[in-house]
Amino acid sequence: MNQPRNFIRVYVWELPVRLTHWINAACIVVLGVTGYLIAHPPGYMTATEASFGYWFGIVRFTHFVAAYTFVVALVFRIYWAFVGNKFARWRSFVLLTPKEWKEAVRVAKIEIFQVSDETIEPLGHNAVSSFTYAVLFLLALFQVISGFGLYAAMSHGWMPGLFSWVMPLFGSEQTLRSFHYAANWLFILFTVVHVYMVFYTDYVDGHGGLSGIISGWKFMDKRETAVPVASQSVPPAK
Amino acid sequence: MIAPVDISKRAPTIYEQMVSRGVSRRDFMKFCAWMSAYLGLRNTGVSQIAKALETRRRIPVVWMHFQECTCCSESFIRSSHPIVADILLDKVSLDYTETLQAAAGHQAEEILQDTITKYKGEYLMLVEGSVPLGADGVYCVVGGKSAVDTVHEVAAGAKAIIAWGNCACAGCVQAANPNPTRATPINAIIKDKPIVNVQGCPPIAEVMAGVLVHLLAFDRIPQLDHLGRPKAFYSRRVHDTCYRRPNYDAGLFVESFDDENAKKGYCLYKVGCRGPTTYNSCGVIRWNNGTSYPIQSGHPCIGCSEAQFWDNGPFYQRIANFPGFGIESTADQIGMTLGGITVAGLAVHAAMTNVRKRHEIGEQPGENAEAAEKSNQEADKGGAS
Ligand code: SF4
């Protein structure tokens with residue numbers, strides 16, 4: 001693309017979306033790291049008495065605080081999925097019609113397998129990333145439910161108490177733990193791919209996706225915006 | 001042979017039975033004090049128990065054995081208080097039990113039939129062992145009857161059921177994957193009777209005695225949790241009552257069984273301790289007359305009072321093998337493999353991007369700068385005119 005491109009600035013991510021994105025990101029990192037530490041506490045030889053230390057207790061405490069924060073942010077984000085702009089709406093995350101699935105396949109061909117040179121409508125999420133975030137949402141839900149299911153047994157709070165039905169589903173607490181821990185790895189995989197894809201789209205499309213989640217603004221080719229919506233295969237976010 | 005005590009005229013009370021066995025009043029009161037302490041009753045509980053045992057008639061008890069190793073019985077007869085084994089189990093209440101009765105063959109079967117017909121709706125059914133449902137139940141047949149038939153038959157007239165041990169509560173080792181005999185716990189077979197699950201492999205003798213005394217003395221089942229276990233004994237994790245817990249919170253762990261940390265008595269979490277997911281009273285009541293329990297002797301808890309504890313192995317590994325991924329693969333190994341594949345995939349994708357999408361990315365930094373400036377100047381001019 002050697003001729004100059006004309007971009008217009010579009011406000012895509014509203015403040016609540018950006019806030020919950022970064023709160024969730026921080027929570028996922030904290031939960032992932034502390035979760036890993038809880039599964040594999042580093043060992044060290046020391047002459048200290050147990051009464052002088054509490055670091056493992058603090059790690060677990062941090063994990064629980066981050067979990068509560070994550071839940072609150074998640075609940076708020078769900079609320080925003082019903083009142084936010086079209087890019088934040090729940091409808092932009094689920095592929096329902098065959099047309100939307102076809103679009104997902106088209107996007108995969110362009111961006112993942114790179115066997116096609118068509119362009120995709122860049123505002124909001126494309127169909128593949130929408131799908132990924134829907135899966136991530138389910139994963140987060142599973143993690144919240146299994147986590148509070150584990151927490152219920154050691155808490156007298158009403159909130160964890162709502163999850164006391166979880167453990168019997170899995171047969172034993174140890175099994176539930178295994179699943180809760182294994183799901184952590186899926187978050188790690190997601191994070192790796194997600195960060196890579198952000199870099200990738202920023203590098204290739206030039207729509208400012210990376211700064212967009214800080215400022216809220218994305219950039220769009222005038223040429224692309226000029227195309228009437230109806231003639232595009234699918235507006236990815238409606 | 002143990003003949004069923006004739007209670008048709010006037011059945012002796014439990015206390016009368018004890019006295020006739022030579023138990024002194026003092027020992028009897030000591031026993032009541034022990035039991036109320038185990039059951040977590042308040043002070044007045046002692047006299048409540050004493051009174052109940054003095055006035056209540058004995059309840060007929062049948063103790064069934066199916067797929068099990070008899071470790072529950074073994075545990076029970078090693079109870080720290082002799083009255084439990086000697087009176088409660090042996091002489092006072094037990095009408096039928098395969099392992100301890102003198103009767104055999106037809107005589108034994110007769111006693112069982114007698115008891116369940118004569119005391120229909122009154123007797124307690126104690127069950128040790130799981131019940132195999134595979135192949136029509138042929139894996140466990142006693143006296144020509146399959147265990148599953150016997151369970152239904154005996155449970156039908158029982159007042160309440162006590163499921164002893166992990167086998168009867170959750171299937172234990174014979175129900176471990178792939179469970180060839182389809183070993184099934186009692187609570188999955190009998191749905192219409194109150195069932196008390198007394199978990200453990202085996203349960204602690206004092207816990208067994210406590211539950212039994214509760215039933216005999218108060219004639220109702222103790223408070224149960226959502227898994228049917230008596231709250232008095234199973235509401236807390238081994239971890240919550242573990243004397244090594246301060247080491248856990250301070251992050252002081254045994255790394256291997258022969259290291260310095262093991263000698264110092266640090267927490268056994270990293271060598272596989274299942275205390276954090278195991279509900280039992282080992283840390284409080286302990287074993288063998290309160291002498292010790294696994295963690296106290298330096299061995300991690302294996303979680304024997306939890307369902308599926310055999311499938312959550314290896315015992316000496318913190319992270320259990322992940323179900324469904326074969327032997328010897330933990331979530332970590334699976335995660336690392338997937339992570340490796342992902343990173344490799346992304347590297348290929350990144351390389352491909354620089355080839356396939358080159359035209360879209362542009363060529364050089366600053367390549368379009370001149371054109372941009374020019375168009376800005378044009379725009380300015382346009383604006384000025
Ligand atoms: S030894 Fe086991 S039960 Fe005791 S504190 Fe450590 S992990 Fe918990």
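In what follows, chains are A, B, ... by sequence order, proteins preceding strands, each numbered from 1. Quick caveat, the model's predicted, so the values are computed rather than measured.
Heavy-atom contacts from other residues, nucleotides or ligands closer than 6.0 Å to CE of A:Met154 number more than 12. When the shell of 6.0 Å around CZ of B:Phe315 is examined, it contains more than 12 heavy atoms from other residues, nucleotides or ligands. With a 6.0 Å radius and a threshold of 12 heavy atoms from other residues, nucleotides or ligands, A:Phe131 has its CZ atom at or below the threshold. Heavy atoms from other residues, nucleotides or ligands lying under 6.0 Å from CZ of A:Phe61 number 12 at most.
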Pair A:Met167, B:His226 - check side chain to side chain contact (heavy atoms under 4.5 Å, CB included), show working.
CA-CA 10 Å; A:Met167 195 278 274; B:His226 64 297; 4.2 Å; yes
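No part of B:Ala170 comes within reach of chain A, as not one of its non-hydrogen atoms sits under 4.5 angstrom from that chain. Within the 4.5 angstrom heavy-atom criterion, atoms from both the backbone and the side chain of B:Thr353 approach chain A. Neither the backbone nor the side chain of B:Arg236 has a heavy atom closer than 4.5 Å to any heavy atom of chain A. Heavy atoms closer than 4.5 Å to chain A are found nowhere in B:Asp240, neither backbone nor side chain. The contact between B:Leu338 and chain A is made by backbone and side chain atoms together, counting heavy-atom distances below 4.5 Å. At a 4.5 Å heavy-atom cutoff, the contact between A:Ile38 and chain B is made by backbone and side-chain atoms alike. Of the atoms belonging to A:Phe170, it is backbone heavy atoms, and not side-chain ones, that fall under 4.5 Å from chain B. Interface residue B:Tyr279: only side-chain heavy atoms are found under 4.5 Å from chain A. For a residue to count as touching a neighbouring chain, one of its non-hydrogen atoms must lie under 4.5 Å from one of that chain's; by this rule B:Arg244 does not touch chain A.
The backbone N or O of B:Ala347 sits nowhere less than 3.5 Å from a side-chain atom of A:Tyr196 that would complete a donor-acceptor pair. Here the side chain of B:Tyr269 pairs no donor or acceptor atom with the backbone of A:Pro41 at under 3.5 angstrom.
Under the 3.5 Å distance criterion, with hydrogens and angles disregarded, no donor-acceptor pair is assigned to the side chains of A:Thr175 and B:Asp311. With 3.5 Å as the limit, one finds no donor-acceptor pair spanning the side chains of B:Asp249 and A:Trp55. Side-chain atoms of A:Ser172 and B:Glu306 include no donor-acceptor pair closer than 3.5 Å. No side-chain donor-acceptor contact under 3.5 Å links A:Tyr181 and B:Arg318.
In this structure, B:Gly339 and A:Leu189 approach most closely via the heavy-atom pair CA-CD2, 3.4 Å. Here the shortest heavy-atom pairing between A:Val193 and B:Leu346 reads CA-CD1, 4.1 Å. Taking every heavy atom of both residues into account, A:Pro168 and B:Leu227 meet most closely at CG-CD2, 4.4 Å. B:Ala250 approaches A:Ala50 most closely through the heavy-atom pair CB-O, 3.4 Å. In terms of heavy-atom proximity, A:Gly171 sits nearest to B:Ala307 at O-CB, 3.4 Å. For the pair A:Ile112 and B:Met352, the tightest heavy-atom approach, listed with the atom from each and the gap, is O-CE, 3.5 Å.
With rounding to the nearest 0.5 angstrom, the CD atom of A:Gln174 is 12.0 Å from the CD1 atom of B:Ile302. Rounded to the nearest 0.5 Å, atoms CH2 (A:Trp185) and OG1 (B:Thr342) are 10.5 Å apart. To the nearest 0.5 angstrom, A:His40 atom NE2 is 4.5 Å from B:Ile319 atom CD1.
Counting heavy-atom pairs closer than 4.5 Å to chain B, the top-ranked of the candidates A:Trp165, A:Tyr36, A:Tyr203 is A:Tyr203. By number of non-hydrogen pairs under 4.5 angstrom with chain B, the leading residue of A:Ala153, A:Ala183, A:Ser164, A:Ser51 is A:Ala153. Ranking B:Val254, B:Asp332, B:Asn247 against chain A, the residue ahead of the rest is B:Asp332, based on heavy-atom pairs under 4.5 Å.
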